[in-house]
Every structure is written in C-alpha cells, then in structure tokens.
> 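I am attaching a structure below and will ask some questions about it afterwards.
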Amino acid sequence: MEWRNLPTALLFIAPASIGYAVFLLWPTLRGIYLSFTDTTAFNAGELVGLENYQRMFADGVFLDSFRVTLYYVLLNIGLQTVLALVVAVLMHRLTQSLVIRGLLLTPYLVSNVVAAMLFLMLLDYQLGFVNAVIDTLGLDRLMFFGSQDLVIPTIAFVNVWRHLGYTALLIFAGLQTIPDNLYEAGRMDGASELTMFRRLTLPLLRPYLGLVLIVTVIGSFQVFDTVSVATQGGPANASNVIQYYIYEVAFSRSYDFGYASAMSVALLVVLAAVSILQFRLTRANTNDMA
Amino acid sequence: MNAITVDPDLQDNLEHPEPATTAPSGSGPRPRRFTWGKAVGWTVMIVMIVITLVPFYWMLRTALSSNSALPGGAADPLPVGFSWGGFERALGLATPQESLAAGGSGAAMNFGRYLVNSIAVATMVTVGQVLFSALAAYAFARMRWPGRDVIFAAFLGGLMVPTIFTLLPNFLLVRDLGLLDTLPGIALPTMLMTPFAIFFMRQFFMGISTEIEEAAMLDGASRIRTFFSIIVPMVSSAVATLGILTYITSWNDYLWPLLVSQTDGSRVLTLALGIFRAQSPQSAPDWPGLMAATLLAALPVLVLYAFFAKRIVNSIGFSGIK
C-alpha cells in the first residue's frame, strides 16, 4: 500500500466521486427508502411499511403493464437477436466493409423520438407508405399504432429497427475473437458454412451472446420514449409499459412518488433476476475455447 | 440446405477494429467466384440496408411535400407537390395564418432556441463527463493507493443500476437544489461521471507503458502535469471517441429532460419534437412540417456521424469485457 499516493489519487477521483455519491449511490438508496413511504410530489411523506407493495400486487393496471412489458421484451429481443446474429455473421463472413457496418448503425445515432416520428409517418393509416403498399396489394389498411393487437409488435419493430445495427456490431466484435484458422480447418474438412456456424461459431460465441442479451434485455425492459411519443400508453392501455405507468403515476396521474418508487424497485428486482438467470443459462463467464 | 457459402479468404477491404485480435490469414486473395450461398447472403444484407435507410429517405421526401398533395401520392417516391413549407412551419418562419392554411398547427417550433439548448446541455455533459471520468480512470488504472480496488468495484457496481431507477430521486434532488427547468439541472446528473465512461477510459490507460510516465515523474513533473501534458495526448483517440459517444447519447436523451424541463427556456430538441407532434392536428397531422422538424432534430448527429462514422463503428464492442 502506498499511502503517499493517497492525497493525489483522491484529488483525481474527487469530482467523479461526488457525481457517483450524489447522483447514483444516494438516489439508489433514496429510491428504495421512498418505496416504503407515502411521499408525493408535494409533501415529504412518512414511512408506511409495505403498503405500496401490497397496493402494487392488487393494482390491475400495474399487473397488466407488467404483462405488456414482458410481451414487448419477448418480441423485441427475439426478433432483434435473430436478425442481429444473421447480420453479424454476414458482416464477418461475407464482407468486412466498414461502409456497410456504418450504414447499418445509422438508426442507432438518432433518438428514439426521431425513430418514433419516422414510423408514425411511414405507418400512418391514410398517408403512410406502408399502408399505401398494403392498399395497392388489395389488402385492408392496418392501424399499426392505433390497434390494441398491433401496437406492441409495432413498437417492438421500431426499436428493432433502431438497435439492429448496434446489436449486430456487438455480436460482430465477439465473432472477431474466433481465430480465422478454425474456419480454415473446418473448410479443409469439407464443412459447409452452415455446419461451421452451428458447430464452431455458435458455441464459441455463446459467452458474447450472453453478455449481449443481458445488456439488450435490460434496455428493452426500460422502453419509454417510443411509447411516450407515439401512443401515450394507448389504445386502452394496450401499450402501457411499466416505465410509462411509473412515469404517469409520478408525474400526471397522482404524483405518488412512494408508489412509483415501489414499482421501480420491482422493476429493479426483475432486471437483477433476469440478469443472474441469463448469466447462469448462457454461462457468460466461460468460453469453450479456454 | 446450403444457406451461406462464402470463401473466407475473399475478404476485400479487410478492417480489423481491435488491434490484431486475429492476424489476417496469410494466403492471397482468390478470384471471385459466384456461389448461390453468397448471392443469398448479399440479398439479405441489401434488404437489411434498404430497410435501415428507407425511413430516412422517406423523411426527406415527406418534408419536401405539401399537405394538399400528399393524399394523392402516398406511395410516390418523390416529394408530392414540392414545397419548402414544411421547413418554414417547423422553423416558425410561416405566420400562424399561413401555417393553418397549409395544414399546420399554427404553433411555431422555436427551433433555434431548442438547438442552442441541446448544444449547451450536450456540451456541458460531454466536457464534464469525459474530463472527470478520465481523471478518475487514471487514478484507478495507473496509481497505487489504499482502497483503490474497493472504490473501483463500487463505481462499477453502478453499471448494474438501471438509469431509470435513479430518475425519481434525482428529480427530487434537482428540484430541492432549485435547478428544475434549467439547463444545468438537465446536465448535472451525468456531468461528473458515468460508470461506463470511467470503465472505458481505464481500459486505455492500462495499455500505456509505464516508462514514459516514470521518466516524466523523475523529471519532477507533478502527477497532474504528467496527466495533462503526457498521458492525455497518448490516449487522445480514446478521449475523442468517448466524447463523441457521450455527446450523441446526451443529444438523444428524452426522459430525463422531460422530467426537468417545463418551459421553452430549457427545452431541448427531443422534447420539442414530441410537443410539436402533440400539437399537430391529430385527425390530419401536418406530416411535411413534422418530418421537416424531425429531420432538423436528427441532422446535427447525422452530420457528426458522417465525419466520425469509422471511429464510432469501431468503438462498439465488448473490447474491455473478458
């Protein structure tokens, strides 16, 4: 231990430590505390024990928003992971063109709000390109954002569009750790590209896929921007995802910060559980190459 | 089935983002051969690129159309009834009467103001976060001091907390500090650090050889001076990459500014766009105006991306996580 370095080191970490303590650690602890109080936007509130949590499990809207969010995450992550894997393998085995990688990443650079606006236009019932094509094909026009059945798949698709290139690049980074000579050896043995994908790429990529899934699932559960701009949770709560419901409870329905915090804690617990489960299932810390 | 059959040696334009994780294979390029697998692969790739880019083109095409002509050509690939009116309404250059007559809401979008606000917030966040995170990362990577590993582990633990969890308490904090509806109020929570920024910079500081640093220290230069005059220039590329990523993230942020901002004085572009959409007549939205506003809001990051695409593309990956 070099004590003489301590003063300089503390000087170096001082601003970041203040940021960490004030805007990350303290709010995390305070959020947990708030969930046991009846704090509102207008008064400090008192401890009320588990009241907020009891209310949560009896709140049909909350339980429904949880179901809606889960449905969204399954669609979003399922489609996104499959497509990103395909694109990443193509980036790896077909062309290493940086231009193509750059083009595919473009949607990730614009905000969720911009993405939502683009698809509100493209999917507009009367004037949207997609419905014009559907109409030309002689089919019935679809209310993508306005239908209770289609709204969650539509939002899931919009976010797949925005995140596909990013996810593919994460997987692509994993693919690059697989030594080229393994593929050459496979080719010598007469293995087809598909066999090599199944027997070589997938097993060696598993730890990376595990990490990618943990990151993307955590992000997916927090979907908010698209809903806020495109649907405001509608129609009839069909897209009332958890984060949007928490926002509404805290800032427009009842200003009930205590209850909103309890729901945030529930979301936190779910995310932690999902991460641990995924880490175990994909054995993300081990790799068959070791 | 033989879906994708590619000759792995046929990698023209070979670009390895990470420094030599695997050496390019030694054998020279072979003549291009047509295979069905390759054709299917390229078809999939091209479809993906088209789906990725068409929405951007459609935004431009619609922004340059006029409301009266749009119903007649919803699938028309070129602007229908070409007009700059959408941009005029988005920028507030049209009078309310003109705007209403052209199918707009009559409400102007104070674009210049929101642009300045977005630039101010993103700049504050980027300069602060990169500087302070780099300082801390240096102490974690290059200095030995008691408690270092414990504190670093605590910082990294912050990566586990979803940003959304801290929003409500941070809102109360910013309110109690009297910073609601101010630009510093929007910037403050991410201005001093993020666990990712520290982690990112630490990876690069770890890679520097100790000799140069020790030579500078022997010369009697202080740690701070060594840091700014010798270390930072050595990792300038990483600093720039982190800066660009931070700027874009901050520029695109929506939920936190939505909580903090209440009036035009602190409204950033993402928020303004949401409001502009809410104001547009719901039964018959002013799509040219909305798409012009969307394009203007996206343009700064797209321009930034056009300049730094290679850097940004290469920065994405789990290079640090082993």
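We name chains A, B, ... by the order of the sequence lines, and we start the count at 1 in each one. Just so it is clear, the values below take in all heavy atoms, side chains as well, and ignore hydrogens, waters and symmetry mates.
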> Let me know if B/Arg142 has heavy atoms under 4.5 Å from chain A in its side chain, its backbone, both or neither.
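When you check distances to chain A, no heavy atom of B/Arg142 falls under 4.5 Å.
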> First locate atom OG1 of B/Thr294, then atom CG of A/Leu120, and finally report the distance between them rounded to the nearest 0.5 Å.
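Atom-to-atom, B/Thr294:OG1 and A/Leu120:CG are 9.0 Å apart.
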> Give the member of B/Phe165, B/Phe171, B/Phe56, B/Tyr138 that has the highest number of heavy-atom pairs under 4.5 Å with chain A.
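Heavy-atom pairs under 4.5 Å are most numerous for B/Phe165.
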> Answer whether the closest heavy-atom distance between the side chains of B/Asn314 and A/Arg101 falls below 4.5 Å.
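Answer yes - side chains close enough.
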> Measure up the A/Phe12 and B/Phe227 rings against each other and bin them: parallel (under 30°), tilted (30 to 60°), perpendicular (over 60°).
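If you compare the ring of A/Phe12 with that of B/Phe227, the planes turn out perpendicular.
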> Measure distances from A/Asp135 to the heavy atoms of chain B and classify the residue's part below 4.5 Å as side chain, backbone, both or neither.
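Neither part.
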> Provide the closest heavy-atom pair for B/Pro146 versus A/Glu2 in the form atom of the first, atom of the second, distance.
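The answer is CD-O, 3.5 Å.
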> For B/Leu188, is it the side chain, the backbone, both or neither that has a heavy atom under 4.5 Å from a heavy atom of chain A?
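When you check distances to chain A, atoms from both the backbone and side chain of B/Leu188 fall under 4.5 Å.
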> Run B/Val313 and A/Leu169 through side chain to side chain contact (heavy atoms under 4.5 Å, CB included) and show every step you take.
CA-CA 8 Å; B/Val313 169; A/Leu169 277 174; 4.1 Å; yes
> Do any side-chain atoms of residues 40-50 of chain B form donor-acceptor pairs under 3.5 angstrom with protein atoms, and if so which ones, sequence neighbours left out?
{"unit_1": "B/Thr43", "atom_1": "OG1", "unit_2": "B/Ala39", "atom_2": "O", "d": "2.6"}

> Do you know which of B/Leu302, B/Leu259, B/Ile312 has the most heavy-atom pairs under 4.5 Å to chain A?
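So the answer, after comparing B/Leu302, B/Leu259, B/Ile312, is B/Leu259.
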> Among B/Gly158, B/Ala139, B/Pro189, B/Gly157, which residue forms the greatest number of heavy-atom pairs with chain A at distances under 4.5 Å?
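Most heavy-atom pairs within the cutoff with chain A belong to B/Pro189.
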> Which pair of heavy atoms, one from A/Gly128 and one from B/Ala74, lies closest together, and at what distance?
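Where A/Gly128 meets B/Ala74 most closely, the heavy atoms are O-CB, 4.3 Å.
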> Report the option among A/Leu29, A/Thr195, A/Leu127 that has the most heavy-atom pairs separated by less than 4.5 Å from atoms of chain B.
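The candidate making the most pairs under 4.5 Å is A/Leu127.
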> If we define contacts as heavy-atom pairs under 4.5 Å, which of B/Leu192, B/Thr190, B/Asn252, B/Val54 has the most with chain A?
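Greatest number of close heavy-atom pairs with chain A: B/Asn252.
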> Where on B/Ile224 is there a heavy atom nearer than 4.5 Å to chain A: the side chain, the backbone, both, or neither?
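Its backbone and side chain both get close to chain A.
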> Which region of B/Thr62, side chain (C-beta onward) or backbone (N, CA, C, O), has a non-hydrogen atom less than 4.5 Å from a non-hydrogen atom of chain A, or is it both or neither?
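Answer is side chain: those atoms of B/Thr62 sit under 4.5 Å from chain A.
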> Would you compute the distance between atom CD1 of B/Ile151 and atom OG of A/Ser17 and round it to the nearest 0.5 angstrom?
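The CD1 atom of B/Ile151 sits 6.5 Å away from the OG atom of A/Ser17.
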> Using a cut-off of under 4.5 Å for heavy-atom pairs, which of B/Leu255, B/Ile248, B/Leu70, B/Val301 has the most such pairs with chain A?
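Result: the option with the highest number of such pairs is B/Leu255.
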> Against chain B, label A/Gln243 side chain, backbone, both or neither, depending on which of its atoms sit under 4.5 Å from a heavy atom there.
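The side chain, not the backbone.
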> With only heavy atoms counted, which part of B/Ala154 is less than 4.5 Å from chain A, the side chain, the backbone, both or neither?
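Contact with chain A: backbone and side chain both.
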> Please flag which part of A/Tyr247 lies under 4.5 Å from any non-hydrogen atom of chain B: side chain, backbone, both or neither.
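A/Tyr247 touches chain B through side-chain heavy atoms alone.
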> Which bit of B/Phe155 comes within less than 4.5 Å of chain A, counting heavy atoms only: side chain, backbone, both or neither?
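Both parts, backbone and side chain.
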> For the interface with chain B, which of A/Leu24, A/Leu103, A/Thr28 has the highest count of heavy-atom pairs at distances below 4.5 Å?
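Winner by heavy-atom pair count: A/Thr28.
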> Let me confirm one number: the CG-CE distance from A/Leu6 to B/Met143, rounded to the nearest 0.5 Å.
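Answer for the CG-CE pair, A/Leu6 versus B/Met143, is 9.0 Å.
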> Which distance, rounded to the nearest 0.5 Å, do you find between the NZ of B/Lys38 and the CD of A/Glu193?
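Reported to 0.5 Å precision, the distance equals 11.0 Å.
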> Hey, are the side chains of B/Ile198 and A/Tyr20 touching, using non-hydrogen atoms and a 4.5 Å cut-off?
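No, their side chains stay 4.5 Å or more apart.
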> Would you say A/Ser111 and B/Trp251 make side-chain contact, with heavy atoms under 4.5 Å?
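No, side chains not in contact.
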> Can you tell if the side chain of A/Leu268 reaches within under 4.5 Å of the side chain of B/Pro162, non-hydrogen atoms only?
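Yes, at least one pair of side-chain atoms sits under 4.5 Å.
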> Heavy atoms only: give me the nearest A/Ala16-B/Phe132 pair and the separation to one decimal.
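Nearest heavy atoms, A/Ala16 then B/Phe132: CB-O, 4.0 Å.
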> Tell me, side chain or backbone of B/Pro77 under 4.5 Å from chain A's heavy atoms, or both, or neither?
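The answer is neither part of B/Pro77.
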> Please work out which of the three classes, parallel, tilted or perpendicular, describes the rings of B/Tyr254 and A/Phe224, given edges at 30° and 60°.
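Tilted, since the angle between the ring planes falls between 30° and 60°.
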> With the side chain counted from C-beta on, respond yes when B/Met291 and A/Met117 share a heavy-atom pair under 4.5 Å apart, and no when they do not.
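B/Met291 vs A/Met117: side chains touch.
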> What about the rings of B/Trp287 and A/Phe129, do their centers lie closer together than 6.0 Å?
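Ring centroids of B/Trp287 and A/Phe129 are no less than 6.0 Å from each other.
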> Take B/Thr166 and A/Phe23 through the side chain to side chain contact (heavy atoms under 4.5 Å, CB included) test and state the conclusion after the steps.
CA-CA 8 Å; B/Thr166 54; A/Phe23 294 107; over 6 Å; no
> Just how far is it from atom OG of B/Ser222 to atom CG of A/Leu11, taken to the nearest 0.5 Å?
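These two atoms lie 10.0 Å from each other.
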> Check whether A/Tyr33 gets within reach of chain B through its side chain, its backbone, both or neither, counting any heavy atom under 4.5 Å.
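Contact with chain B: none, neither part.
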> Who are the side chain to side chain contact (heavy atoms under 4.5 Å, CB included) partners of A/Ser261, not counting sequence neighbours?
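A/Ser261: side chain to side chain contact (heavy atoms under 4.5 Å, CB included) contacts with A/Leu34, A/Ser35, B/Leu168.
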> Using heavy-atom distances under 4.5 Å, tell me whether A/Ala230 contacts chain B through its side chain, its backbone, both, or neither.
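For A/Ala230, backbone heavy atoms alone lie under 4.5 Å from chain B.
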> Using side-chain heavy atoms (C-beta onward) and a distance below 4.5 Å, is A/Val130 in contact with B/Trp58?
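Counting from C-beta outward, A/Val130 and B/Trp58 never come under 4.5 Å.
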> For chain B, which candidate among A/Met91, A/Gln232, A/Arg4, A/Gln222 shows the most heavy-atom pairs at distances under 4.5 Å?
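Winner by heavy-atom pair count: A/Gln222.
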> Select, from A/Asn112, A/Thr39, A/Asp124, A/Ile246, the one with the greatest count of heavy-atom pairs under 4.5 Å involving chain B.
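Going by pairs under 4.5 Å, I would pick A/Asp124.
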> Is the side chain of B/Arg223 donor-acceptor paired with the backbone N or O of A/Thr8 at a distance under 3.5 Å, no angle test?
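A pair under 3.5 Å: no.
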> Which atoms of B/Asp176 come close to chain A, meaning under 4.5 Å heavy atom to heavy atom: side chain ones, backbone ones, both, or neither?
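Contact with chain A: side chain only.
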> Please classify the contact between A/Arg162 and chain B as side chain, backbone, both or neither, with a heavy-atom cut-off of under 4.5 Å.
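Only the side chain of A/Arg162 comes within 4.5 Å of chain B.
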> When only pairs under 4.5 Å are counted, which of A/Ile100, A/Ile18, A/Leu271 shares the most heavy-atom pairs with chain B?
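Highest number of heavy-atom pairs under 4.5 Å: A/Ile100.
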> Picking from A/Ala250, A/Ser228, A/Ser275, which has the most non-hydrogen pairs under 4.5 angstrom with chain B?
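Answer, by heavy-atom pair count under 4.5 Å with chain B: A/Ser228.
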> Side chains of B/Val161 and A/Leu25: does their closest heavy-atom pair fall under 4.5 Å?
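When only atoms from C-beta onward are counted, A/Leu25 and B/Val161 do not touch, as no gap falls below 4.5 Å.
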> In terms of heavy-atom proximity below 4.5 Å to chain A, should B/Leu172 be classed as side chain, backbone, both, or neither?
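Both the backbone and the side chain of B/Leu172 come within 4.5 Å of chain A.
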> Would you say B/Leu290 and A/Met121 make side-chain contact, with heavy atoms under 4.5 Å?
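Answer no - side chains too far apart.
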> Given heavy-atom pairs under 4.5 angstrom as the criterion, report whether the side chain, backbone, both or neither of B/Leu173 touches chain A.
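Both backbone and side chain.
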